[in-house]
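Right, one structure below, let's go through it.
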Amino acid sequence: MTRDHFTNPDSSADVHEWLVRARRERTAAVLATVVEVTGSAPQVAGAKLLVLADGRAVGTVGGGAIERRVLEEARGRLSSERESTGLVTLNLTRDLGMCCGGEMKIFFERVRGAERLIVFGGGHIGRALVETASRVGFEVTVVDEREEWARRERFPSAEQVVNEEPEVALPELLIDEATYAVVVTHDHPLDQALVKALLGSRAGFVGLVASRTKRNKFVMRLRAQGMSEERLARLRSPLGIDLGAVTPEEIALSITAELVAVRRGVLPADASQASGALVTPRRLGEPS
């Protein structure tokens with residue numbers, strides 16, 4: 001018989017293994033942990049229940065009315081209508097009509113997988129960006145069709161190195177709203193083709209490493225091709241926080257700083273609302 005996870009979580013499953021699985025599958029989840037128990041209660045402090053956005057649930061905080069209430073609370077916190085974390089105190093008799101008579105304090109926390117960054121281009125800036133972004137917690141995929149530039153040993157910190165034409169690889173990358181994408185290839189027409197495809201995708205962050213002049217030319221061409229202003233406004237370019245960056249490593253650092261600023265809410269995720277106080281990072285040798 002198929003388990004109904006909505007009302008009957010798998011209490012025998014290892015919650016910690018499922019946390020890792022949720023992170024790998026990039027599935028949003030809420031972890032409910034019993035942090036304090038007073039009096040008689042069906043579970044002890046430390047009991048956990050993990051509720052995933054796709055309906056799966058594992059672990060237990062005691063079953064019955066308390067579990068139903070925790071499931072409801074967790075699913076509410078998966079939406080944007082409630083705070084992602086919080087402590088809830090439940091009197092089992094007064095609040096839930098249970099006979100136990102005790103009290104349980106349960107901490108709810110939203111669990112998200114690591115943000116995913118896709119770097120299109122394995123050149124000097126791309127290579128440095130993979131390293132700096134990986135160090136601050138991004139799971140990085142790098143895509144480059146040039147075999148000599150997409151060797152695994154050049155990107156020890158990358159989760160994945162894709163040696164394939166970027167336009168061919170793009171549909172296979174499962175881009176979603178939590179995906180950050182940065183375009184920094186060796187070819188201007190390829191840059192423009194990727195920008196066009198990414199602005200039409202679900203990617204939450206679309207960045208182009210380019211001069212302001214190049215960015216404006218791309219926007220003008222895409223507008224002429226019929227792309228909407230709403231989509232064009234999503235393009236973040238020039239890219240990077242103004243650090244006076246010159247070398248590939250410095251430029252990568254400035255780009256990573258912008259990625260972190262967006263992740264932490266210091267800069268808006270919507271590029272059209274950005275302050276405009278960003279630098280114009282350039283490839284070595286590219287005119288401004």
Side-chain angles (χ1 to χ4, degrees), residues 117-130 132-133 140-146 149-150 162 164-170 173 175 179-201 203-262 267-288:
L117 169 65
I118 303 176
V119 179
F120 292 93
H124 300 301
I125 295 175
R127 184 182 185 184
L129 178 58
V130 170
T132 55
V140 187
T141 293
V142 60
V143 183
D144 198 304
E145 77 278 15
R146 300 169 297 173
W149 291 88
V162 179
E164 194 172 6
E165 292 283 346
E167 291 174 281
V168 175
L170 192 59
L173 294 173
I175 291 173
T179 301
Y180 294 66
V182 171
V183 177
V184 56
T185 81
H186 62 290
D187 182 76
H188 287 215
L190 177 58
D191 280 353
Q192 183 169 325
L194 286 170
V195 166
K196 181 178 180 179
L198 288 165
L199 290 178
S201 75
F205 181 108
V206 179
L208 170 66
V209 179
S211 66
R212 196 173 299 278
T213 299
K214 177 178 172 179
R215 183 259 184 201
N216 290 342
K217 286 181 179 178
F218 277 20
V219 168
M220 180 179 65
R221 291 168 186 165
L222 292 172
R223 184 181 289 122
Q225 293 171 18
M227 181 168 285
S228 70
E229 295 300 320
E230 181 180 8
R231 287 189 174 182
L232 288 170
R234 296 179 56 219
L235 179 61
R236 306 184 81 97
S237 182
L239 191 60
I241 301 297
D242 189 355
L243 306 176
V246 176
T247 69
E249 292 76 18
E250 291 173 345
I251 293 171
L253 180 61
S254 75
I255 295 170
T256 301
E258 182 171 349
L259 296 173
V260 172
V262 171
L267 286 177
D270 186 344
S272 66
Q273 299 174 14
S275 66
L278 302 180
V279 74
T280 306
R282 300 187 299 275
R283 295 187 187 88
L284 296 183
E286 181 181 13
S288 60

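Each residue takes its place number in the sequence, starting with 1.
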From the list Val119, Val140, Leu259, side-chain contact (heavy atoms from CB on, under 4.5 Å) with Tyr180 holds only for Leu259

Specify the closest pair of heavy atoms between [X] and [Y], including all atoms of both residues, with the distance to one decimal.
X      : Y      : result
Val162 : Ala150 : O-CB, 4.5 Å
Lys196 : Gln225 : NZ-OE1, 3.0 Å
Lys214 : Ala210 : CD-CB, 3.5 Å
Ala128 : Pro248 : CB-O, 3.9 Å
Pro189 : Asp187 : CD-OD2, 3.2 Å
Arg234 : Ser201 : NH1-O, 3.5 Å

Only counting residues at least two apart or in another chain, list the ones meeting side chain to side chain contact (heavy atoms under 4.5 Å, CB included) with [X].
X      : value
Thr132 : Leu129, Ala252, Thr256
Arg146 : Asp144, Glu148, Trp149, His186
Glu229 : Arg223, Leu232

Would you check if [X] and [Y] make a side-chain contact, meaning some heavy-atom pair closer than 4.5 Å?
X      : Y      : result
Leu170 : Phe120 : yes
Glu258 : Val182 : no
Leu198 : Ile118 : no
Arg236 : Val262 : yes
Leu239 : Ile251 : no
Leu235 : Leu222 : no

> If only atom types and distance count, is the side chain of Ser254 paired as donor or acceptor with the main-chain N or O of Gly240 below 3.5 Å?
Replying inline: no

Q | Donor-acceptor under 3.5 Å (Asp242 side chain, Gly244 main chain) | A | yes

Taken to the nearest 0.5 Å, the spacing of Glu250 CD from Leu253 CG works out to 8.0 Å

Interatomic distance, OG1@Thr247 vs CD1@Ile125, rounded to 0.5 Å, equals 9.0 Å

Task: Glu230, CD atom: more than 12 neighbouring heavy atoms under 6.0 Å - done: no

